[in-house]
Amino acid sequence: MSVYAVIPAAGTGERFGAPVPKPLVELCGRPVLAHTLAVFEQCAGIDGIILVVHPRYHQEYSALVARYGFSRVTAVVDGGATRSASVRNALRALPAQASCVIVHDSVRPLVTPELISQGLALAAVDRAAIAAVPVKPSLKLVDPQTRLVRETLDRSLVWDIQTPQVFERNLLERAHAQDFVADDDSALVEKCGVPVRVYMGDYKNIKITTAEDLLVARAFMEAAVKEPHVSARLV
Ligand code: C5P
């Protein structure tokens, strides 16, 4: 099995409000993306990494890869207008031998080698495996016009979907050949009628979307350095 990671980093980060895209924002001494790529560099069984970047910042991203010596990054490709379009561009850059693809958001720097390995093992059996965590809050569907509650969801059935998401290559390509846009790749696979296996992610594996998420990520990273055993028991 030849395994490639696709790291979409081509967002502009409008919700974040920084002068540079989120993957380039500094977190505990290095860019968010450098933390994420470092985990994939050290994870066993990955043959290459395709990094998808915003064309305006192509040079900055290539410089980051060179500066940190990420030798497993085999291609830096330009993304598209949506996350789906960005992943699709990466799929075109996969080498012929790639048989399994791990998609992971560039802005989830607290991913671990264990989460990646678990996804790989499950996808080898189930073809599609995604990390997720059971939700903690109570959730309701609310009418957008009237703001009246439509329905209270059964919390025990609702999971917060994360990445890594691991797929058989052919399946992911088929999913992306459909005329749909989705926030995550597994939604496209579901549209193909193929069941997707969910496995236990990590509450610390947050996606840095807004400025307060950066504070939380920093707290997790500092705790992991200062008190690794306590940090491991936090969730
Ligand atoms: O926008 P969202 O938070 O869903 O972005 C998740 C990941 O997808 C981020 O790493 C972002 O850089 C990436 N992305 C992309 N191309 C886009 C939009 C988002 O690669 N057009």
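Each ligand, and each atom within it, is numbered from 1 in the order the structure gives. Since the structure is predicted, the reported quantities are computational estimates derived from the model, not experimental observations.
Using a cut-off of 4.0 Å between Lys/Arg side-chain N and Asp/Glu carboxylate O, D160 and K136 are scored as not salt-bridged. A salt bridge is absent between R83 and D184: the closest approach of a Lys/Arg side-chain nitrogen to an acidic carboxylate oxygen does not fall below 4.0 angstrom.
Put simply, CG on L94 and CZ on R169 are 4.5 Å apart, with the number rounded to the nearest 0.5 Å.
For atom 1 (O) of ligand 1, the closest non-hydrogen atom of the protein is R15 NH2, 3.3 Å. Scanning all protein heavy atoms for the shortest distance to atom 16 (N) of ligand 1 gives S86 OG, 2.7 Å. At the shortest separation from atom 20 (O) of ligand 1 among protein heavy atoms lies A10 N, 2.9 Å. Looking only at heavy atoms of the protein, atom 7 (C) of ligand 1 is closest to D105 OD1, 3.5 Å. Ranking the protein heavy atoms by distance from atom 5 (O) of ligand 1 puts K207 NZ, 4.4 Å first.
Against a heavy-atom cut-off of under 4.0 Å, V107 is close to the following atoms of ligand 1: 9 (C), 10 (O). Residue-ligand proximity, T82 to ligand 1, at heavy-atom distances under 4.0 Å covers atoms 16 (N), 17 (C), 21 (N). Those atoms of ligand 1 that come under 4.0 Å of a heavy atom in A81, given as number and element, are 21 (N).
A single hydrophobic cluster is not seen to contain both L188 and V181; linkage of ILVMFWY side chains at heavy-atom distances under 4.5 Å, directly or through other members, places them apart. Residue V216 is grouped with residue L27 when hydrophobic side chains (ILVMFWY) are merged at heavy-atom distances under 4.5 angstrom, including chains of intermediate members.
A distance-only check finds no donor-acceptor pair linking the side chain of Q162 to the backbone of V133 [under 3.5 Å].
Considering both main-chain and side-chain atoms, D183 never comes within under 3.5 Å of ligand 1 through any nitrogen or oxygen pair. Considering backbone and side-chain N/O atoms, P8 comes within less than 3.5 Å of an N/O atom of ligand 1. For ligand 1, none of its N or O atoms has an N or O atom of T209 under 3.5 Å away. Note: no N/O pair closer than 3.5 Å links V52 and ligand 1 by distance alone.
With sequence neighbours excluded, no residue satisfies ring-ring contact (aromatic ring centres under 6.0 Å, His included) with Y57.
Comparing G80, G11, A85, S106 against atom 21 (N) of ligand 1, the shortest heavy-atom distance belongs to G80.
Grouping Ile, Leu, Val, Met, Phe, Trp and Tyr by side-chain contacts under 4.5 Å, direct or through others, leaves L215 on its own.
Put simply, no part of G79 is less than 4.0 Å from ligand 1, judged by heavy atoms.
Minimum interatomic distance between K22 and I208 (heavy atoms only, all atoms of both residues): CD-O, 3.1 Å.
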